[in-house]
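This report concerns only the one structure given below.
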Amino acid sequence: MKKLIWGTWLIVTTCLASYYGYTLFKADNKEALLIGDASHGHFQIEMACTACHTSAFGGTESLQESCVNCHAEELEEAHDSHPQKKFTDPRNASQLETIDARYCVSCHTEHQKEQTNPMGLTLPKDYCFHCHQDIGEERDSHKNLTFDSCASAGCHNYHDNRALYEDFLLENHQDSWVKQVAKITEANAASTLAAQFIPTPLPPFAEKKEEHPDIHKDWSSSAHASGNVDCAGCHSTDQLQWIEKPGIEQCQTCHMNEVEGYQAGKHGMRLALNMAGISPAESSLPFKEQSLVLQQSCNSCHEPHTSNTQFASKEACLGCHNDQHSLAFEASPHGQLLNNAIAGRLPANEAVSCATCHMPRQEKNHHGTKVIEVNHNQNHNLRPNEKMIRPVCMQCHSLGFSIDALADEQLINNNFTGKPSAHIPSIDWAIRRSEN
Ligand code: HEC
Ligand code: HEC
Ligand code: HEC
Ligand code: HEC
Ligand code: HEC
Ligand code: HEC
Ligand code: HEC
Ligand code: HEC
Ligand code: HEC
Ligand code: HEC
């Protein structure tokens with residue numbers, strides 16, 4: 001009898017697993033098997049089942065591998081405060097009984113959109129309690145705090161605490177709210193990268209220049225022209241045939257890092273899986289009516305023949321985005337700085353555009369040369385928003401002001417018009433502790 005139950009169980013699970021496996025990997029109608037809508041972070045790739053379910057029988061381990069594949073680098077870069085290795089330490093084993101923190105899915109499961117909190121979190125807000133019950137006894141400052149306040153803006157995060165370390169708070173508590181020298185990193189001179197492109201003999205496509213004098217004119221005064229990237233740089237196949245509409249593959253031959261960044265964020269994540277770019281019509285965020293027919297690509301922000309980066313840094317964004325925060329930018333103090341810069345009344349790197357915050361310039365190593373590149377993953381520093389403090393706000397503001405401003409929801413809604421309404425005491429506590 002026991003054997004029969006075993007046998008039946010085995011057959012049933014094998015059939016089920018094969019069915020799931022078949023559907024996940026082969027069948028056209030994957031939607032039928034979807035057990036619930038994917039979270040805010042993953043809805044774009046919901047139908048790419050095998051991006052996460054890398055193996056039909058792999059269970060938790062294979063899911064874990066997929067999370068790590070796409071996210072390990074960013075967590076490492078963030079000096080993750082709770083990496084898996086902290087929990088494989090036998091001394092911490094008892095903590096795993098309630099939350100098995102070795103696995104991402106213990107805190108970020110999928111297909112439960114209704115129960116998913118911001119940042120893909122599927123845990124109640126006071127979960128720090130399970131492992132840090134004693135903190136109130138250990139630190140006077142923490143005595144009367146509730147556990148749902150640990151990770152609300154400005155104090156701690158689970159993964160990324162780079163802007164909130166105690167010694168960092170102490171080092172940076174003295175600046176005035178706007179620094180004496182308030183400006184962002186200078187962009188590279190066009191020649192820095194251009195020097196690497198030795199023009200190979202490509203067809204001149206002279207007839208195309210004649211047929212399209214407007215395009216020829218735009219291109220002539222662009223960074224591509226001064227970098228010796230002729231029409232063929234983008235429009236030629238390997239067989240030297242004309243491509244009428246170059247796509248991301250063409251840009252990629254010269255701009256690998258930008259493409260990589262782009263494909264790691266919400267704008268380009270689908271292209272990383274060879275899916276069609278996301279359209280505003282598919283998103284639940286508010287978008288301009290006329291943008292609903294568009295689809296994400298490099299050309300969404302870069303008019304291909306002028307490649308005007310000033311246009312890309314605000315106007316392009318507002319061609320699509322239509323939420324309260326985006327619309328408030330124009331009238332904000334930062335927006336006015338930008339208008340002054342566009343009018344030539346202020347050096348460009350003393351102004352703030354949408355891109356200053358969402359696509360900041362960062363130093364990268366390019367075949368041994370240090371270059372300043374724009375981070376094309378606009379989700380890289382978006383959430384938790386303390387990620388913006390070090391690379392963005394602190395170029396111009398004090399640490400304390402930046403923490404307070406980013407913790408203020410009203411300021412986010414009005415795109416930073418006015419002073420923060422509340423003060424986060426982290427710095428004060430750190431100072432008091434250092435004096436004791
Ligand atoms: C972004 C990653 C991701 C994508 C894409 C994804 N899933 Fe999942 N799926 C998960 C996670 C995480 C779980 C939960 C595992 C857990 O909690 O142990 C899960 C659970 C499931 C389960 C329950 C059985 C199990 O293995 O636990 C099914 C069935 C399933 N997914 C089907 C699908 C199908 C069908 C698709 C494509 C239409 C899909 N999934 C796309 C991440 C994903
Ligand atoms: C194919 C690559 C890919 C895989 C596989 C993948 N993710 Fe993601 N994930 C992304 C991208 C792209 C985003 C959106 C950009 C961002 O928020 O960084 C994202 C967003 C997130 C977010 C933030 C959500 C938000 O709303 O801010 C979390 C948390 C997350 N993923 C966890 C996981 C976990 C856990 C797994 C494994 C079950 C997983 N991811 C698998 C690519 C992936
Ligand atoms: C014990 C719970 C827990 C575990 C385990 C966990 N996370 Fe998180 N994760 C969080 C919390 C809480 C947040 C919200 C932001 C914060 O506090 O850092 C978050 C945010 C994120 C984000 C978006 C914000 C950011 O800092 O990038 C990503 C991506 C992410 N987690 C990926 C992962 C991956 C991948 C794993 C597995 C290697 C994992 N998480 C394991 C709790 C967890
Ligand atoms: C599953 C258990 C677990 C959970 C949940 C958890 N932690 Fe931890 N935390 C640990 C362990 C283990 C350490 C390492 C302790 C050590 O090394 O002595 C740690 C270390 C820390 C540290 C010191 C960080 C460092 O860089 O050294 C802080 C701060 C912290 N946790 C805050 C939090 C906050 C805030 C939350 C909730 C958002 C949280 N933890 C949730 C287990 C957990
Ligand atoms: C930096 C890459 C790049 C360079 C250099 C470039 N183009 Fe283009 N061009 C594009 C892209 C991308 C498109 C496709 C736009 C789209 O998909 O609608 C395009 C579209 C076109 C089109 C067809 C669509 C239209 O707007 O009429 C013509 C014709 C054209 N380019 C001519 C030229 C000529 C002539 C030159 C040289 C003077 C040139 N291009 C240089 C990227 C480039
Ligand atoms: C054959 C190589 C090559 C290709 C293909 C190429 N570019 Fe470029 N791109 C360059 C060079 C060289 C520069 C100038 C270097 C610099 O500005 O640092 C440049 C500069 C740029 C700039 C900055 C303009 C500025 O004013 O600073 C943008 C934006 C740009 N490219 C976008 C694109 C897009 C989008 C595509 C695909 C449609 C593309 N490029 C294809 C080589 C290329
Ligand atoms: C969401 C809008 C947006 C999209 C989409 C976009 N870019 Fe950009 N890109 C910008 C902005 C804004 C700048 C300039 C920011 C600055 O000057 O600080 C820029 C700058 C650049 C530069 C100048 C060099 C650098 O990194 O500093 C290159 C090259 C470039 N983009 C290539 C690309 C390519 C290739 C794609 C497609 C994979 C792409 N961009 C998609 C907004 C965008
Ligand atoms: C062609 C239209 C288009 C343009 C142009 C555009 N975006 Fe987006 N943007 C989108 C779409 C679509 C999404 C994905 C929304 C989603 O996942 O629900 C998105 C997502 C984002 C997000 C992430 C939102 C989130 O909740 O995770 C940010 C931030 C963002 N865009 C900022 C910008 C900035 C800054 C610019 C200009 C430099 C810009 N966008 C240009 C269409 C556009
Ligand atoms: C001073 C920095 C700053 C500037 C300038 C800025 N933003 Fe933001 N943006 C933020 C912060 C901070 C958030 C909120 C992140 C969070 O906590 O969720 C945000 C959120 C967003 C979101 C996500 C909204 C959502 O509901 O998911 C979009 C889209 C966006 N910004 C677009 C833009 C556009 C477009 C512009 C320019 C017109 C712009 N932002 C200017 C800092 C900035
Ligand atoms: C390029 C420098 C620069 C960067 C980067 C920058 N700001 Fe500002 N910000 C300023 C200047 C200058 C002002 C004052 C403008 C004025 O007086 O009209 C300002 C004004 C503000 C204000 C409005 C204060 C008021 O009295 O109305 C807030 C809030 C603010 N910034 C927050 C931030 C945050 C948060 C970040 C990072 C996400 C940030 N800023 C990034 C330069 C910058």
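Indexing begins at 1, ligand by ligand and atom by atom, following the structure's order.
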Centroid separation Phe287 to His321 less than 6.0 Å: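 Yes; His321 has its ring centre under 6.0 Å from that of Phe287.
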Among Gln296, Gln378, His267, exactly one meets side-chain hydrogen bond (donor to acceptor under 3.5 Å, both in side chains) together with Tyr262. Which residue is that?
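The single option meeting the side-chain hydrogen bond (donor to acceptor under 3.5 Å, both in side chains) with Tyr262 is Gln296.
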Item to complete: Answer with yes or no whether Lys314 contacts ligand 8, where contact means a heavy atom under 4.0 Å from a ligand atom.
Response: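 Judged by the 4.0 Å heavy-atom criterion, Lys314 does not count as contacting ligand 8.
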Measure the CZ-CZ distance between Phe168 and Arg390 for me, rounded to the nearest 0.5 Å.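 Reported value, rounded in 0.5 Å steps: 4.0 Å.
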Using a 6.0 Å cut-off, check whether atom NZ of Lys183 has over 12 heavy atoms from anything other than its own residue.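 Atom NZ in Lys183 is not packed in, count stays at 12 or less.
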Please work out, at 4.0 Å between heavy atoms, whether the side chain, the backbone, both, or neither of [X] comes within that distance of ligand 7.
| X | answer |
| --- | --- |
| Ser297 | backbone |
| Ser313 | both |
| Arg361 | side chain |

Worksheet item: Does at least one non-hydrogen atom of Ser307 fall below 4.0 angstrom from an atom of ligand 7?
Response: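 Contact absent.
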Sub-4.0 Å atoms of ligand 8 with respect to non-hydrogen atoms of [X]:
| X | value |
| --- | --- |
| Phe43 | 16 (C), 17 (O), 18 (O) |
| Gln44 | 14 (C), 17 (O) |
| Cys354 | 35 (C) |

Original post:
Between the candidates Pro360, Cys298, Ala348, Ser353, which shows the shortest non-hydrogen contact distance to atom 34 (C) of ligand 7?
Top reply: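 It is Cys298 that holds the nearest heavy atom.
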Check: Which residues and atoms, protein N, O or S only, are under 2.8 Å from atom 8 (Fe) of ligand 10?
Finding: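 Listed by chain and number, the nearby protein N, O or S atoms are His334 NE2, His397 NE2.
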Location of contacts on Ala312 toward ligand 8, heavy atoms closer than 4.0 Å
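Backbone only; the side chain of Ala312 stays clear of ligand 8.
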**Prompt:** When you look for heavy atoms under 4.0 Å from ligand 8, do you find them on the side chain of Glu282, its backbone, both, or neither?
**Reply:**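 For Glu282, no heavy atom sits under 4.0 Å from ligand 8.
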Could you check [atom] against the protein and tell me its nearest heavy-atom contact, residue, atom and distance included?
| atom | value |
| --- | --- |
| atom 27 (O) of ligand 8 | Asn379 ND2, 3.0 Å |
| atom 24 (C) of ligand 8 | Leu285 CD1, 3.9 Å |
| atom 5 (C) of ligand 8 | Ala316 O, 3.3 Å |
| atom 15 (C) of ligand 8 | Ser283 OG, 3.4 Å |
| atom 11 (C) of ligand 8 | Phe287 CZ, 3.4 Å |
| atom 29 (C) of ligand 8 | His358 ND1, 3.7 Å |

Considering residues at least two apart in sequence or located in another chain, which fulfil the side chain to side chain donor-acceptor pair (under 3.5 Å) criterion with Glu303?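 If we apply the side chain to side chain donor-acceptor pair (under 3.5 Å) test to Glu303, skipping adjacent residues, the hits are Thr306.
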Which of the atoms of ligand 10 are close to [X], meaning less than 4.0 Å from one of its heavy atoms?
| X | result |
| --- | --- |
| Phe401 | 28 (C), 29 (C), 30 (C), 32 (C) |
| Ala351 | 1 (C) |
| Lys419 | 25 (C), 26 (O) |

Taking only residues two or more places apart in sequence, or in another chain, which ones meet Leu240 in a side-chain contact (heavy atoms from CB on, under 4.5 Å)?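 Leu240: side-chain contact (heavy atoms from CB on, under 4.5 Å) contacts with Leu202, Pro203, Ser236.
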*asked:* I'd like to know if Glu330 and Lys314 make a salt bridge, using a cut-off of under 4.0 Å between side-chain N and carboxylate O.
replied: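 Looking at Lys314 together with Glu330, the answer is yes, because their closest N to O distance falls below 4.0 Å.
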Q) Is a salt bridge present between Lys288 and Asp323, judged by a nitrogen-to-oxygen distance below 4.0 Å? A)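 So Lys288 does not pair with Asp323 through a salt bridge.
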**Asked** If you look at every heavy atom in Thr122 and Thr109, which pair is closest and at what distance?
**Response**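 Looking at all heavy atoms of both residues, the shortest contact is OG1-N, 2.9 Å.
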query = Counting only heavy atoms, which portion of Leu337 has something under 4.0 Å from ligand 10: side chain, backbone, both, or neither?
reply =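 Side chain only.
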_Whether Cys301 has an N, O or S atom under 2.8 Å from atom 8 (Fe) of ligand 7_ =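 It does not; every qualifying atom lies at 2.8 Å or beyond.
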Any N/O/S atom, side chain or main chain, of His376 closer to atom 8 (Fe) of ligand 7 than 2.8 Å?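 Checking His376: at least one N, O or S atom is under 2.8 Å.
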- Does the pair Gln263 and Ile248 meet the rule for a side chain to side chain contact (heavy atoms under 4.5 Å, CB included), with working shown? CA-CA 11 Å; Gln263 294 190 340; Ile248 191 167; 3.8 Å; yes
Geometry only, no angles: is Arg383 polar-contacting ligand 8 at N/O separations under 3.5 Å?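 Yes; at least one N/O pair falls below 3.5 Å.
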Original post:
Quick one: do the Asp428 and His423 side chains pair a donor with an acceptor below 3.5 Å?
Top reply: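 Result is yes, a qualifying pair exists.
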When His235 is tested against each of Trp219, Trp242, Phe205 for ring pair (Phe, Tyr, Trp, His ring centres under 6.0 Å), which residue passes?
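Of Trp219, Trp242, Phe205, ring pair (Phe, Tyr, Trp, His ring centres under 6.0 Å) with His235 is met by Trp242 alone.
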| message | With 2.8 Å as the threshold, which protein atoms of type N, O or S lie near atom 8 (Fe) of ligand 8? Leave waters out. | response |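 The answer, once waters are left aside, is His267 NE2, His321 NE2.
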